[in-house]
Structures are given as structure tokens and as C-alpha cells.
Protein chains: 2
Amino acid sequence: MAPDRNRRRIPDATVSRLPVYLRILGEQADEGVESISSEGLAELAGVNAAKVRKDLSYLGSYGTRGVGYEVAYLVYQIRRELGLTHDWPVVIVGAGNLGQALAGYGGFGERGFPVAGIVDIDDAKVGTVLGGTRVRHIDELPQIVATRRVNIGVVATPGAAAQDAADRLVKAGVTSILNFAPVVLSVPRAIEVRKVDLAVELQILSYHEQRRAGGAIHAVQNGNGRSASA
Amino acid sequence: MAPDRNRRRIPDATVSRLPVYLRILGEQADEGVESISSEGLAELAGVNAAKVRKDLSYLGSYGTRGVGYEVAYLVYQIRRELGLTHDWPVVIVGAGNLGQALAGYGGFGERGFPVAGIVDIDDAKVGTVLGGTRVRHIDELPQIVATRRVNIGVVATPGAAAQDAADRLVKAGVTSILNFAPVVLSVPRAIEVRKVDLAVELQILSYHEQRRAGGAIHAVQNGNGRSASA
DNA sequence: AGGCACTCGTGCACACGTTCACAAAGCCAG
DNA sequence: CTGGCTTTGTGAACGTGTGCACGAGTGCCT
């Protein structure tokens, strides 16, 4: 059999960095770079070189000592591990401000996540066209999920409607959800949920600003010493 | 002096959960709930009760044993700790799909982060009105930041323009940045950067989907056992 | 062929975060 | 006032993630 089949579990922290490496490697490939060292990649990703090596070691030993990593091969391996060897169509629930922006944003399809459909509960919105996709009624959700083989749903509704949206997605057969609504979704254990909450992000920044202002006499004034920040 | 002035450092993990508690407590207050236990709050936030207690203990001892926490007081304390006692105006760079959605989304101002301005480098977009705010040219950024006392900038440009946007924000005097562009920003150490990357989130979901499909014979079929997921 | 410079892969120690478990503290009933 | 019930606050154990430091390969140059 193959040396080791994919039974190794990759730590969450690593999984969340692999997409960053992948994007950078893609850019490097476009620029004609064929080989890259852990230190070079680390610099571009804004992380520690040892971390890069450890992260990549979970995929297997795909580097060459004394040389570095072959960019194209590494791209292939990361894509394979992340399941990006084929497209994952997504369905968007909610055609408000955010849903429209998401549907209109081309970057989705380009990166392997084509919008299979966008639905809303409001009849006034149904029928309008967003980014080449016609808004359909939420009752058509099961059909869209089934015929387009959708596994990933995006909740882009107001908070009050989010749990209902999630329930419908789950019932329709979706197994992963990306939630933009500011609520904690309650779903069966087997469903993977990730949350993006703008208010939370801003409040975290607010905490640091407040701390800066309220506390230290040694208010950080030193302008320089650049550091890459994820 | 006061028992202990705010010189305790709150762990990052806790800071990122406080906004969630805050929102839930606000909702509870609106429903007339006056007191809540760590277990009740934990349930609503989808976390462990011990974690809630430890998180809240970093703010001080604001609970009452045998009873729980007084909702209104806790709201006040969390808001104070997060620096939400006053508004933090934000400036948005980039009036594309995302920038428009952010400006149009009312929830920003409501939560204490009014949009002080939105700028773009494209003259064609300057002058259009989004969510009550007129788009101005990016050259006006320093003026907006100065006159409106803006500390927080939002980068909503395409990837290629993001570093320039960040540079301009920093030069204008912004000290925190929320970055939606899929690039690692290089900024002075003193600047706090948080990143929101949709492609990364989707790719993480893809990883789990791929794992589900490729691996286990014991494909998780058990429909129930609800769990709250952040 | 041998030595040297370079870079990966990883064992190990440390830091951070989570969870358990329990004493301390408050409330209430009788 | 006492005893019992509830819930907080936190010490301690555990698990996960990070970063150093170094052995082990690899390629290049002489």
C-alpha cells in the first residue's frame, strides 16, 4: 500500500494555516519560483520557520534537505490534503447586504467554491439576479442542495433568522456551515460550523485600543520594526 | 486605591469570548432576565461553564455564590473592559462589493462602531453614496482620520491593493486594522491587525468535508445530539 | 571522493488554554 | 441560628500549540 494513507490527524492550528501557505505558494508559482525554503515561506506567511516545517511535516516529508520545498509539488499536496482537488459548491441563505456581496464577489468561484444558489425567504427578493445567480425562494433549498450536491451552506441572514436558516440547511443535507450571523447556532454534532462575526472582531480591536489608551505610560510610540501580521 | 486597577492582562482566548457573552447578556437583559448562572450563560454561548467562570474571573469577582451574576452589572463590566463605553469610529478603505456591504450594513453603528468615512482610489466610485456615507477619495484619508479621531481602519480592497491601503492607514495614524483582503499585511509592531479571510474559512470546511468523505467507514450518520457551536 | 554549507524533520521544554473538582461563600427554610 | 442547598472562584491536572536546537540528509565545490 501507499507509505501511509491519510489516517494522520492534522492539528486544527495547522489546518488553519495551510490555506495561507497555499495562497502564497500559488503566488510564488505564478512568479516562476520553483523552490522555496521553510524560512522563505515563513517570512511571507508571517510566522516562524520551525512552525512552517512542523506544519508541512504533517503532510509527509515533501521537502529536500539542503534545498527546500518544490513549490508545485507542495501546492499539489496541500490542495489534496485540504480536499481542493475538486470544487465544493456552496449555497447562500440570505440575499441581504452581505449575501449580495458574497454572491457578487467573484473570488468564490475562482477558489473552488462556486455559488450553486442563493435563497431568501422574502418574495420581494426572489427573482432578482446577483452575480449571475438568480435568487430563489428558501423552500427550494432542499432541491438545490440535492441536485447540485452541495455540502457547504453559508448563513448570511440577520441574527433572528439564522437558526431557522441553519435548521433548513441541515435538514436539506448540508454538513458544513459558515455562519456570518451574530448568533451561536445549535446544530447536530456531526455538522461542522465556523463563525465569522464582524462585531466580535471590532470589539477585540476595541479592547486593545482601550488598553493602549487607559494603561501604559510607556505608550508604544516606536514607529518601526515591521512585523508581518496574519 | 481601588482593589485592583486594570493592570491584569486578559488572555487572548478570553478576550475573543467576551463579545459573545456580552451579546447574549444584552439579549437576556432585553428579555427581562436579571440574573444568570455560569451554567446558563455557558449553555447560551455554547461553551463550558468552568470556562465562563474563569473568563469572568479575569474581570474581577462580580458574581454572587449560590446565586449567579447580575446581568446588568456584568454587561457594564464587560463593556468597560472591552472599551465599549464610547464609540470607536472606523474608516473603510475600498468601496467594492465588500466595502459597500459593510457601509450599508447598519449593525456597525448600532454596536458602537460608526462609519466615519469610506474611501476608494477609483475616481469613478468617489461621490457615490453608500449607507448614508459619501465615498471620498483615498487622498482624503489623513484628514478623515484626524478630524474624526479614527483609530480603527478596515481594509476592504482587492488583495493587490491591500498593502498600500494598510500603509496609508498607518501613515494617517490608525492603530488597529481589520483586514478582509487575502494577504498578510506588513505593518509596524505597534499596530494591531486582525484578519478575516473567507477563502480560508471555506478551505477549512473543505478539509473537514474531504476528511469525512475520504476516511472513516464509520461515516457519522447519527443525526442527533445537538451541540451549540460557536 | 571528501568536505562543507545548507535546510529539513523532530525531540524536547515551555507557554497557553481547557476542564475537573472542591472549598468558600451566600441564601433560605424552619 | 443552624443546616442544607446552590453556585462561584480557583488550584491543579491535562491537553494542545509553539519555538528552540540539533541530528540527519542533500547538493555543490574542489
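On a predicted model such as this, the values are computed, not experimentally measured, just so you know.
Distances from the side chain of B:Arg53 to the nucleotides C:dC22, C:dC27, C:dT10 place C:dC22 closest. For A:Pro11, taking side-chain heavy atoms from C-beta onward, the closest of the listed nucleotides D:dG17, C:dT10, C:dC20 is D:dG17. You'll find that the side chain of A:Thr64 is closest to D:dG27, out of D:dT18, D:dG27, C:dT7. With D:dA21, C:dT18, C:dT19 as the choices, the nucleotide that has an atom nearest any side-chain atom of B:Asn48 turns out to be C:dT19.
Within the structure, a side-chain polar atom (N or O) of A:Ser38 is placed less than 4.0 Å from OP1 or OP2 of C:dC8. Taking 4.0 angstrom as the limit, A:Tyr69 places a side-chain polar atom (N or O) nearer than this to OP1 or OP2 of C:dG9. At D:dT7, none of the side-chain N or O atoms of B:Ser37 fall inside 4.0 Å of OP1 or OP2 (strictly under the cut-off).
Taking atom OH of residue B:Tyr62 and atom C1' of nucleotide D:dT8, one finds them 15 Å apart after rounding to whole Å. At whole-Å resolution of the value, CZ in A:Arg9 and P in D:dT16 are 7 Å apart. Taking atom CG on B:Leu56 and atom P on D:dT7, their separation rounds to 16 Å, with Å as the unit. Going from atom CD of A:Glu70 over to atom C1' of C:dT7 covers 16 Å, rounded to whole Å.
Side-chain N/O atoms of B:Lys54 and base N/O atoms of C:dT19 include a donor-acceptor pair closer than 3.5 Å. For A:Arg65 against C:dT7, no side-chain N or O and base N or O form a donor-acceptor pair under 3.5 Å.
Heavy atoms of B:Ala50 sit under 4.0 angstrom from at least one base atom.
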